[in-house]
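Proteins get letters first, then strands, A, B, ... in listed order; numbering begins at 1 in each. Remember, predicted model here, so these are calculated numbers, not experimental data.
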There are 2 protein chains.
Amino acid sequence: MSYCDTCVVRNRAICAALDNNEINALNGIGRRKTLAAGDPLIWEGDDSTLVANVIDGILKLTNSTEDGREQIVGVVYPADFIGRPFGKTTSHSVTALTDAKVCLFARSDFDRFAHEHPQLEHKLLKRTLDELDRTRSWMLLLARKSAEEKVATFLLDMSERLVDATCAAPHDGPLDEFDLPFSRQQIGDILGVTIETVSRQMTRLKRDGILDLPTRRTVRILDRQALVDMAG
Amino acid sequence: MSYCDTCVVRNRAICAALDNNEINALNGIGRRKTLAAGDPLIWEGDDSTLVANVIDGILKLTNSTEDGREQIVGVVYPADFIGRPFGKTTSHSVTALTDAKVCLFARSDFDRFAHEHPQLEHKLLKRTLDELDRTRSWMLLLARKSAEEKVATFLLDMSERLVDATCAAPHDGPLDEFDLPFSRQQIGDILGVTIETVSRQMTRLKRDGILDLPTRRTVRILDRQALVDMAG
DNA sequence: CGCCGATTTGATCGTGGTCAACAATAGTGG
DNA sequence: CCACTATTGTTGACCACGATCAAATCGGCG
């Protein structure tokens, strides 16, 4: 009897590539860990000794300059994979944004296991290729878009990404109302702007009737088309 | 007798994972293609029907907004892999920056071949993970660094990346003199700044005695430490 | 030599950063 | 449940960096 039997991401994480025997073997080398919001999991520049699957919660990947400027270079959701297998060092920090549960492996154990299970590597490869595409698209936003375009793009992105988080209704398509899993500071760190700029743009969107902001964390999209036009 | 026998990147590209029999099989589904500087290979949003290995030359990967702003999201060198296997669409354009030679595969052929050769997928996975790390580091630069820091970082990056291009001396370490494979416009597109800003920063570095710029494309680093300090 | 594209240089302007004050919300203990 | 505090978010004033527009200069090539 393994933890995995009851794992909510069993069929969405890379583990979906494995049959029951294999899952049991994997279970033998992994362990669960619970993180509180704000807890670090991996530090930038650490030796790469850990990899993990996200079971529940949201975590951020960050890079920082020596003088403390921080950039969020990725956000991981349940079923996503964390860490740098087959390599010596990790180039970014991983920190829980919400309370989170992860399934943790020693990198060396995972590397060995992956090597013996090509289907697992295949899943991981697809995931990594997807993530690379997403990351590259984000570069265009960071480098070329105005603050207005950044915020509009971000909100649209969220309304799509958070669909399975709110697994409530089986309707397709993006959400028109959702709770942001980020503070204003974190949104700034994602978009490469300051907290004040995020705030000003949000206020403006509300004033123009494109959004409603019932609470600080809640967003209701009133005019999606306007947002799309604005996203550039 | 296959093309691959004489391929200069045979032992550096992902093909290095294959033995001679396998290489022959791969050779059967690939073909060489020559590109002139400026030639496009793949268009953003195309159906993903091609993948390739770079044999010689340098190519850029770009994303663009509808209104024509362009961002270079990646640069590929000999032995690097191009394209999006196991997926439906490519999210960026690929264009030759210099005259180039590539080894081209139909995506479906490559996908099938890769599936049957886990060692190949493994190499590709490592490469993709490396590229993802590099891309994420670049996000910090795009989002948070000043023009001065961007240019300094870029020059240091070039002095390291171009080492094997100039396979002349067997000395390790970065180059202190090299020819940029990019125009000022392209440097701007990599750093997310305008051509004028690149030019001004370069001029300033020269005036301060940190660089010498014998020709428009040649860079000689006179004070590497100053550049490092400046890169932030 | 003369042409054309690439680059440099200069002048001006606007976006978003910075600094500072204020407001709202969440969290804590009486 | 409310007062009090700490934290987070909002708003305003000002300024700097880099964009934009424009002109001059360089360099390669016929």
Spacing of [X] atom [atom1] relative to [N] atom [atom2], expressed in whole Å:
X: Arg69(B); N: dG18(D); atom1: CZ; atom2: C1'; result: 15 Å
X: Glu149(B); N: dG17(C); atom1: CD; atom2: P; result: 14 Å
X: Arg144(B); N: dC17(D); atom1: CZ; atom2: C1'; result: 16 Å
X: Leu180(A); N: dT25(C); atom1: CG; atom2: P; result: 16 Å

Asp229(A), Leu155(A), Leu227(A) screened by side-chain contact (heavy atoms from CB on, under 4.5 Å) with Ile210(A), the one that passes: Leu227(A)
Charged N-O contact under 4.0 Å between Arg127(B) and Asp80(B): yes
Test: Asp189(A) and Arg184(A) ion pair at under 4.0 Å: no
Ring centroid separation Phe110(B) to Phe81(B) under 6.0 Å: yes
Base-contact (B) and sugar-phosphate-only (S) positions in nucleotides 4-16 of chain C, heavy-atom cut-off under 4.0 Å, - elsewhere: --BSBBBB----S
Residues Arg84(B), Ser91(B); criterion side-chain hydrogen bond (donor to acceptor under 3.5 Å, both in side chains); working and verdict: CA-CA 9 Å; Arg84(B) 179 60 170 91; Ser91(B) 61; over 6 Å; no
Distance (rounded to the nearest 0.5 Å) between Ile82(B) CD1 and Cys103(B) SG: 11.0 Å
